[in-house]
Amino acid sequence: MPILKRGKILVINCGSSSLKYEIFNMPQKDSLGKGLIERIGEKQATISQKNINCEIERTFYCPNHKTAMSKMLELIEEPTCRIISNLSEITSIGHRVVHGGEEYSESVIINSKVIKAIEENIELAPLHNPANLTGIKVAMEFFPKVRQVAVFDTAFHQTMPPSAYLYGLPYEFYEKFKIRRYGFHGTSHRYVSTVALDIIRRYAENTNMISCHLGNGASITAIEKGKSIDTSMGFTPLEGLVMGTRSGDIDPAIIFFLAERGYSLEDINTILNKKSGLLGLSEISNDLRDLEQKAEENNEKAIQALEVYAYRIRKYIGSYAANLVKLDALIFTGGIGANGVRMRERICRKLENIGIFMDYEKNREIGSKSGVVSCDYSPITIVVVPTNEELQIAIDTYELTL
Ligand code: ADP
């Protein structure tokens, strides 16, 4: 048996005004603690950090990401509620990066070429890649000798064939502007599909799955023999499922219709990304829990929003099932997929005709845990798996650097 090297991996997810971090003890995969900094760039930022024994929260002046990371490093080893005793214990660092374009189909050790590629993909992810890049550059300043890894949201979907990633647009737009389906949530789909295989005791090589990541953002992926062959988010995360506040698929002509009625492009962008989905339909909330509560009280808009949400998911499951030679498992994850017992039931109630039989009692019993929720006789197994993108980033970083 080879001796596995030990390491402590710092995982960083840097957003434009936030920084999430977590440290994992490898190869055991134990989380030692994690934290979140919010409102970077504002006068009063907050940092909260917890480990298995304690939790702390503080406010501090944080003009930029460098100050944020410096505060994070201070707290990680501060005796009050530390995660590790000394920063020198950190063996490598993994970064979440949203867009790897067509260049990256796997996680990579960061060097100047990788940094250039992330920069070049800024035009494809203008809100995320710059922040991810800032996180990388600042971490490199603080840890010049520690190897750092980029884990891309898009990488898992790079195995899609052209038939799935090309749009029915003039081909020159793909060549000139790289307009194609990229897909997102790849790290989550990859993680939950690996865990699901363990749960159902099967190998990737002979298993086809559909994984539903249903959070505030939501996407669904068809996985054939361990590889993504189609996914519902596209050129941007706006396409596909009805989400918390995003519309998902609409007839593109609606945009011209609204523009002709005086809505600016900026208005339409805000409407489609922030005012649509469950929030727009229900006129109540983007939060599933609020809507389930209202639906219990027979609120018609809430009931309708939940039905539209579930219908779109079934529509995608049906279309992906038709494109896989055989479907073996359906996975639910994300805040809604992993916790929304009633939503899982709502989605599966009409899937029996394609061989997906939910055991409603098991579904209720499993609640927010991981496990199988289909009937024993169901040809397709339904599995619930809480996602853990940070752990997947730590695993990739460990495998590439130690
Ligand atoms: P994000 O995409 O922001 O990471 P999450 O994956 O945390 O989002 O999912 C947020 C969604 O999960 C919300 O709609 C929330 O209502 C839902 N959710 C969280 N916990 C539960 C629960 N116990 N039951 C039902 N829905 C839940």
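These numbers come from the heavy atoms of this one structure, side chains and all, not from hydrogens, waters or symmetry mates. In listed order, ligands and their atoms are each counted from 1.
- A salt bridge is defined here as a Lys NZ or Arg NE, NH1 or NH2 lying under 4.0 Å from an Asp or Glu carboxylate O, and K137 with E119 meets this definition.
- A salt bridge links K8 with E89; the closest basic N to acidic carboxylate O contact falls under 4.0 Å.
- In this pair, Y104 and F152 present their aromatic rings parallel. The plane angle is below 30°, not in the 30 to 60° band.
- Ranking protein heavy atoms by distance to atom 6 (O) of ligand 1, first place goes to G335 N, 2.8 Å.
- At the top of the distance list for atom 10 (C) of ligand 1, counting protein heavy atoms only, stands N216 N, 3.8 Å.
- Taking distance alone, with nitrogen or oxygen atoms compared against 3.5 Å, H213 stays at or beyond that limit from ligand 1.
- Counting only heavy atoms, the protein gets under 4.0 Å from atom 8 (O) of ligand 1.
- Using a cut-off of 4.0 Å between Lys/Arg side-chain N and Asp/Glu carboxylate O, R58 and E78 are scored as salt-bridged.
- In terms of protein heavy atoms, atom 22 (C) of ligand 1 is closest to N339 CB, 3.2 Å.
- When the shell of 6.0 Å around NZ of K362 is examined, it contains more than 12 heavy atoms from other residues, nucleotides or ligands.
- Annotation: atom 14 (O) of ligand 1 to nearest protein heavy atom, L288 N, 3.1 Å.
- Atoms of ligand 1 lying under 4.0 Å from any heavy atom of G215, numbered from 1 in the order shown and given with element: 2 (O), 5 (P), 6 (O), 8 (O), 9 (O).
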Taking it one step at a time, do M343 and Y309 satisfy side chain to side chain contact (heavy atoms under 4.5 Å, CB included)?
CA-CA 9 Å; M343 181 50 82; Y309 186 88; 3.4 Å; yes
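- Ranking protein heavy atoms by distance to atom 17 (C) of ligand 1, first place goes to I336 CG1, 3.7 Å.
- Among protein heavy atoms, atom 16 (O) of ligand 1 sits closest to D287 OD1, 2.5 Å.
- Using a 4.5 Å heavy-atom threshold, the side chains of D359 and S374 count as separate.
- At least one heavy atom of G217 sits less than 4.0 Å from an atom of ligand 1.
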